[in-house]
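Quick note on labels: first sequence line is chain A, next is B, and so on, each numbered from 1.
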Amino acid sequence: MAKYAFFLGCVAPLRYPGIEKSTRVVFDKLGVELVDLTDASCCPAPGVIKAFSKLTWLAAAARNLALAEKMGLPIMTICNGCYGSLFEAAHELNNNADELAKVNEILAKVGMKYNGTTKVYHFAEVLANEVGVEKIKAAFTKPLAYKIAVFYGCHFLKPTDIKGLDDAEAPHILEDLVEATGCQAMPRKQPMLCCGSGGGLKAAFGDVTKEFTLTNLENMKASEAQFIVDVCPFCHLQFDTAQKELGFEIPVLHLAQLYGIAMGMTEEELGLALHKVPVKL
Amino acid sequence: MEFKSNPEFEQQLAALGGADAKLCFQCGTCTAGCPSGRRTSYKVRKLVRMAQLDMKDEIINSEELWMCSTCYTCVERCPRRVPIVDIIIALRNMAVAEGHIKPAHKKTATNLYQLGHTLAINDEIKATRAKLGLSEVPPTVMANEKAMADLKTILDAVKFDAIVKE
Ligand code: SF4
Ligand code: SF4
């Protein structure tokens with residue numbers, strides 16, 4: 001049975017625990033064992049912490065990678081930001097002995113060491129490449145037929161030269177995963193446009209972020225989508241909290257929640273009461 | 001002939017992972033596809049040009065340096081494979097090292113330093129977590145003082161406390 005160290009990050013456990021819950025239930029039903037990556041911290045957030053101090057980012061990420069290494073498990077994340085951050089830190093440390101040595105001098109202060117062996121995966125990648133669509137379909141108990149605006153976000157696929165999961169401009173990995181439920185992924189304009197939250201933009205220039213989100217919402221509405229389905233709690237937070245002010249009301253689900261619905265989880269179990277845009281199934 | 005105002009800057013930029021700015025031949029593909037440039041005064045091609053010309057002071061004092069959402073559209077499309085986001089991150093590191101940090105960003109940094117996460121927990125979340133059968137506090141540094149102390153030791157060792165405090 002496949003087994004991963006489950007990395008929670010910040011936004012899912014601290015704002016949308018229903019995403020965390022859905023992930024636990026869904027992967028259990030798919031026969032993938034998730035073991036908590038106990039004592040982990042923020043990834044740390046690449047757009048902000050890495051932008052302030054690259055060494056801070058690398059050292060704190062190395063601590064998370066070292067915790068998983070000690071468990072002998074690869075990491076699975078449920079957030080594009082966590083995935084991007086930990087994947088890139090692992091890419092840097094696992095392939096650069098000098099950087100690794102520098103970081104290990106710091107980790108030694110707390111009696112830790114990272115040997116450069118941890119692999120990092122995004123949960124949607126695990127679903128598509130490890131579990132596979134056929135096995136996923138067999139685990140669904142409730143056929144769905146919603147029209148969906150699939151939202152990739154940026155750091156799941158990009159930069160593609162080191163991630164190599166799918167094409168940056170015309171991917172299909174998430175459409176395939178969404179359509180496995182019976183739902184329909186609706187084509188729309190600019191499907192790969194950023195939600196606007198990343199890089200510290202939302203904290204520093206929230207109005208600019210909203211303009212990114214607005215264009216996305218207009219395109220989603222024009223596509224007649226009934227739900228937005230994302231693979232990142234930070235994109236999720238932006239779409240869920242910005243819509244009221246922008247005059248839209250398209251409910252937002254993380255892919256783990258959509259899968260939870262297709263596996264018969266209840267609205268309570270999915271944590272939908274915390275969503276700002278009401279979710280009616 | 002290019003006017004180089006600050007050769008030291010080039011070395012600093014390289015040390016932070018921004019060496020390949022020189023690969024840029026100013027085609028403008030990056031700006032054409034940049035979602036932030038479409039909505040603001042930020043022009044990524046110009047920023048890369050300023051980095052090539054060692055215009056450190058102009059860059060680290062500019063608001064535009066903080067308008068990139070790190071969406072990587074430009075990186076994917078750049079015909080010269082300039083690692084544009086890495087360059088922006090390196091430039092932001094330089095700006096922060098000289099005290100240019102937005103209050104909202106300092107707040108995020110302070111959260112990491114104090115909580116080990118970018119966000120705090122609250123009662124509504126605790127109650128929902130419990131109702132869902134999850135631990136009230138997630139099983140991270142938030143639930144383990146020793147782990148949080150370790151993280152702080154690491155953050156102090158890289159002098160992150162200076163960014164949070166100053
Ligand atoms: S796309 Fe690349 S080469 Fe062209 S201007 Fe931008 S950074 Fe320079
Ligand atoms: S990564 Fe930044 S500069 Fe590049 S296209 Fe996206 S917002 Fe623009």
Side-chain angles (χ1 to χ4, degrees), chain A residues 8-11 13-15 17-18 20-21 24 36-42 44-56 59-60 63 106-107 109-110 112 154-155 158-161 168-169 192-194 196-201 203-205 208-209 211-212 215 268-269 271 273-274, chain B residues 16-17 35-36 39-40 66-73 75-76 81 83 85 88-90 92-93 96-97 101-102 104-105 107-109 111-112 116-122 124-125 128-129 131-134 138-141 143-144 146-151 153-155 157-160 163:
Chain A
L8 295 176
C10 299
V11 183
L14 300 171
R15 290 296 176 269
E20 176 185 338
K21 175 71 180 180
R24 292 181 188 278
D36 284 334
L37 184 49
T38 312
D39 298 342
S41 66
C42 172
V48 277
I49 306 303
K50 186 181 180 184
F52 306 156
S53 158
K54 201 178 160 200
L55 187 59
T56 300
R63 181 181 166 277
I106 298 161
L107 292 182
K109 292 188 196 296
V110 294
M112 290 178 77
C154 301
H155 301 151
K158 297 180 277 188
T160 53
D161 59 345
E169 312 268 351
M192 301 310 288
L193 174 63
C194 170
S197 299
L201 190 67
F205 300 102
V208 179
T209 297
E211 288 186 43
F212 282 59
T215 310
E268 274 106 73
E269 288 175 301
L274 286 172
Chain B
L16 286 163
S36 189
R39 294 166 175 83
T40 66
W66 297 95
M67 289 182 183
C68 164
S69 73
T70 70
C71 75
Y72 282 94
T73 305
V75 176
E76 294 292 332
R81 298 188 166 273
V85 172
I88 292 167
I89 298 280
R92 288 180 177 183
N93 270 236
V96 170
I101 183 165
K102 306 240 169 269
H105 288 157
K107 175 89 189 357
T108 308
N111 278 347
L112 177 71
H117 286 282
T118 51
L119 300 166
I121 196 160
N122 59 46
E124 187 191 19
I125 297 293
T128 304
R129 292 186 59 87
K131 226 169 44 198
L132 292 175
L134 302 169
T140 66
V141 283
N144 182 343
K146 159 84 174 66
M148 188 57 222
D150 280 358
L151 177 66
T153 302
I154 290 168
L155 295 177
V158 292
K159 304 202 166 55
F160 191 63
I163 294 175

Check your understanding: ring-ring contact (aromatic ring centres under 6.0 Å, His included) with A/Phe212: which residues, sequence neighbours excluded?
Key -> none

Review point. Quick one: what part of A/Leu55 sits under 4.5 Å from any heavy atom of chain B, side chain, backbone, both or neither?
Key: both

Revision key, fill the gap. Pair count under 4.5 Å, heavy atoms only, with chain A: among B/Ala120, B/Ala149, B/Ala143, highest is B/Ala120

**Study point:** Between B/Glu76, B/Arg92, B/Arg81, the one whose heavy-atom pairs under 4.5 Å with chain A are most numerous
**Key:** B/Glu76

Check your understanding: Looking at A/Pro44, A/Ala60, A/Pro13, A/Cys194, which makes the most heavy-atom pairs under 4.5 Å with chain B?
Key -> A/Pro13

Point to revise | Spacing of CG belonging to B/Leu112 relative to CG belonging to B/Leu119, to within rounding of 0.5 Å | key: 11.0 Å

Point to revise | Toward chain B, the part of A/Asp36 with a non-hydrogen atom under 4.5 Å | key: side chain

Check your understanding: Who are the side chain to side chain donor-acceptor pair (under 3.5 Å) partners of B/Thr70, not counting sequence neighbours?
Key -> A/His155

Exercise for review: Side-chain contact test, heavy atoms from C-beta onward, threshold under 4.5 Å: evaluate it for A/Arg24 versus B/Leu134 and give yes or no.
Suggested key: yes

Point to revise | chain B interface, residue from A/Thr215, A/Thr160, A/Asp161, A/Thr56 that has the most non-hydrogen pairs under 4.5 Å | key: A/Thr56

Point to revise | Selection from A/Ala51, A/Pro17, A/Gly18, A/Gly47 maximising heavy-atom pairs under 4.5 Å formed with chain B | key: A/Ala51

Exercise for review: Would you mind checking which part of A/Leu274 comes under 4.5 Å of any heavy atom in chain B, side chain (CB onward), backbone (N, CA, C, O), both or neither?
Suggested key: side chain

Exercise for review: Side chain from CB out, backbone as N, CA, C, O: work out which of these in B/Ala109 comes under 4.5 Å of a heavy atom of chain A, or both, or neither.
Suggested key: both

Exercise for review: Drop me the distance from A/Ser53's OG to B/Ile163's CD1, to the nearest 0.5 angstrom.
Suggested key: 5.0 Å

**Study point:** Residue selection (most heavy-atom pairs with chain B, distance under 4.5 Å) from A/Ala203, A/Ala40, A/Gly200
**Key:** A/Ala40

Exercise for review: Find the one option among B/Asn144, B/Ile125, B/Leu155 whose heavy-atom pairs under 4.5 Å with chain A are most numerous.
Suggested key: B/Ile125

Point to revise | side chain to side chain contact (heavy atoms under 4.5 Å, CB included) between B/Lys102 and A/Phe205, intermediate numbers included | key: CA-CA 10 Å; B/Lys102 306 240 169 269; A/Phe205 300 102; 3.9 Å; yes

**Study point:** pair A/Cys154-A/Met192: side-chain heavy atoms closer than 4.5 Å
**Key:** no

**Study point:** Partner of B/Asp150 under side chain to side chain contact (heavy atoms under 4.5 Å, CB included), chosen from A/Asp39, A/Leu107, A/Val110
**Key:** A/Val110

Exercise for review: Could you tell me which of B/Asn122, B/Val85, B/Ile89, B/Leu16 has the largest number of non-hydrogen atom pairs under 4.5 Å with chain A?
Suggested key: B/Ile89

Point to revise | Pairs of heavy atoms under 4.5 Å with chain B: top-ranked of A/Glu20, A/Lys50, A/Lys109 | key: A/Glu20

Review point. Measuring from A/Cys42:SG to A/Leu14:CG, what's the distance to the nearest 0.5 Å?
Key: 10.0 Å

Review point. Where the side chain of A/Lys21 meets the backbone of B/Leu132, is there a donor-acceptor pair that is under 3.5 Å apart?
Key: yes

Exercise for review: Using non-hydrogen atoms and a 4.5 Å limit, figure out which bit of A/Phe52 sits close to chain B: side chain, backbone, both or neither.
Suggested key: both

**Study point:** Part of A/Arg15 within contact of chain B (heavy atom distance under 4.5 Å)
**Key:** both

Study note, to complete from the structure: So, the part of A/Ala59 with a heavy atom under 4.5 Å from chain B: the answer is both

Exercise for review: Output the option from A/Arg63, A/Glu269, A/Lys54 having the highest count of non-hydrogen pairs under 4.5 Å with chain B.
Suggested key: A/Arg63

Check your understanding: So what's closer than 4.5 Å to chain B heavy atoms on A/Glu169: side chain, backbone, both or neither?
Key -> side chain

Review point. Out of curiosity, A/Cys10 SG to B/Asn111 CG, how far, rounded to the nearest 0.5 Å?
Key: 9.0 Å

Practice item. Against chain A, work out which of B/His105, B/Lys131, B/Lys107, B/Lys146 has the most heavy-atom pairs shorter than 4.5 Å and name it. Key: B/His105

Review point. Could you go step by step and tell me if B/His117 and B/Thr140 meet the side chain to side chain donor-acceptor pair (under 3.5 Å) rule?
Key: CA-CA 9 Å; B/His117 286 282; B/Thr140 66; 2.8 Å; yes

Exercise for review: Select one option (side chain, backbone, both, neither) describing which atoms of A/Pro159 are under 4.5 Å from chain B's heavy atoms.
Suggested key: both

Exercise for review: Sort out for me which of B/Val158, B/Asn93, B/Thr40, B/Val141 touches chain A most, counting heavy-atom pairs under 4.5 Å.
Suggested key: B/Asn93

